[in-house]
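Data first, discussion second: the structure below is written as structure tokens.
Residue numbers begin at 1 in each chain, while the letters A, B, ... track the order of the sequences.
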2 protein chains.
Amino acid sequence: MNAAQPVSLTATVSFRLGTIGTLTTNRFTERIETFGLKLKDVGLLHLLQDGGPASQLEVARLLGVAPSLVVAMADRLEVLGAVRRLRDPGDRRRQQLVLTEQGHELLGRCTTAAQELDAELTAELDEPTRQALNAVLGTLAASLGLPH
Amino acid sequence: MNAAQPVSLTATVSFRLGTIGTLTTNRFTERIETFGLKLKDVGLLHLLQDGGPASQLEVARLLGVAPSLVVAMADRLEVLGAVRRLRDPGDRRRQQLVLTEQGHELLGRCTTAAQELDAELTAELDEPTRQALNAVLGTLAASLGLPH
DNA sequence: TATTGTTATACTCTATAACTATA
DNA sequence: TATAGTTATAGAGTATAACAATA
């Protein structure tokens, strides 16, 4: 007993989540390039929609990225007209990032792109299976501290 | 009709696969660093186990990476004693990469690491749910042309 | 001349560190 | 002196292009 039967690496949940996740990320990245967006820009847009205005440092902490990267993302999104920087009058060191109407629309297009990608990725699954998969992934995301 | 109800980006399968996949990849990468391996080295080891000896250019094509990257991986794995380069006597341009006994053991340790990570990631799921998840991921991987 | 592997170089993404303005 | 944001610099990972050996 205790003899581990030989399990293939590719049969593990981790390997499959990693490879499918990478493929998914690559395809999504291609699509949003069309909008002039980088992958993490989408996370920033989503954050602003959900949590309202936030200072750049708050954003960096919430996204788990360096503050200098938030500068680059905010620059890019400002050029696209998707966000505006508003100086906090009470503390003029702070930049409040706010989503513009255009930013909201852009986020909507990203969501549509994700839904289209969903259909493409799960084309082989029947609807109950697809929904069950999404539910389990939601549980997993929640338990791992990811947005869900 | 046809009015799309507002779906959150984070509720899509694509977003969840992307974020969970990235987290999984990061954690797996940390673990195999202990063995002196980079992420894609593991894919190479697995390939050699499954398909037997292969030329470096075949490996590049199968892994979907540049030939120059295979050189770097083979260098690293050769130093670790995990693979050997054998000149093809029939065509001396070709280097046949073969897995050594040590390479086989190393791959085994990677598989164990993935299984441990599986347990960690799916700790919140009951066993039938965990198995159902793995089965659907296997279906997905197969339909997307990924190893499974 | 074409192909395999290698080396040299460049590009993308992101972090760390130095710096400026404000508190 | 401490903090928010910015700019400068560096490192990891990987691709493309130039090159050498062999066919």
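Distances shown here put every side-chain N or O of A:Gln96 at or beyond 4.0 Å from the OP1 or OP2 atom of D:dA4. Contact annotation: B:Lys38 reaches the phosphate of D:dG13 (side-chain N/O to OP1 or OP2, under 4.0 Å). Here A:Arg93 does not reach the OP1 or OP2 of C:dA23: none of its side-chain N or O atoms lies under 4.0 Å away.
Ranking C:dA15, D:dA15, D:dT6 by closeness to the A:Gln56 side chain, first place goes to D:dT6. Counting only heavy atoms from C-beta on, B:Val71 has its side chain closest to C:dG5 among D:dA23, C:dG5, D:dG5. You'll find that the side chain of B:Ser55 is closest to C:dG5, out of C:dT3, C:dG5, D:dT6. Nearest nucleotide to the side chain of A:Asp91, out of C:dA23, C:dG5, C:dA17: C:dA23.
Here the OG1-CG distance, from B:Thr24 to A:Leu140, works out to 7.5 Å after rounding to the nearest 0.5 Å. Atom-to-atom distance recorded for B:Gln95:CD and B:Leu57:CG is 12.0 Å, nearest 0.5 angstrom.
Within 4.0 Å of A:Val70, counting heavy atoms only, lies no atom of the nucleic acid at all. A:Arg85 comes within 4.0 angstrom of the backbone, heavy atoms only, and of no base.
Summary of the strand contacts: A:Ala66 and B:Glu58 both lie near DNA chain C, and taking for each the nucleotide with the nearest heavy atom, the more 5' one is attributed to B:Glu58. For A:Arg92 and A:Leu39, each mapped to the nucleotide of DNA chain C holding its nearest heavy atom, the one lying further toward the 5' end belongs to A:Leu39.
One donor-acceptor pair, N or O on each side, does fall under 3.5 Å between the base of C:dT16 and the side chain of A:Ser68.
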Inset, instruction - Carefully, step by step, assess A:Leu80 and A:Leu37 under the rule side-chain contact (heavy atoms from CB on, under 4.5 Å). - result: CA-CA 9 Å; A:Leu80 290 173; A:Leu37 295 176; 3.7 Å; yes
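Atoms CG (B:Leu69) and P (D:dA12) sit 15 Å apart, rounded to a whole Å. The distance between atom CG of B:Asp75 and atom P of C:dA8, rounded to the nearest whole Å, is 12 Å.
A salt bridge links B:Arg85 with B:Asp75: the distance from a Lys NZ or Arg NE/NH1/NH2 to an Asp or Glu carboxylate oxygen falls below 4.0 Å.
The neighbour count for A:Arg31 CZ, taken as heavy atoms of other residues, nucleotides or ligands under 6.0 Å away, is above 12.
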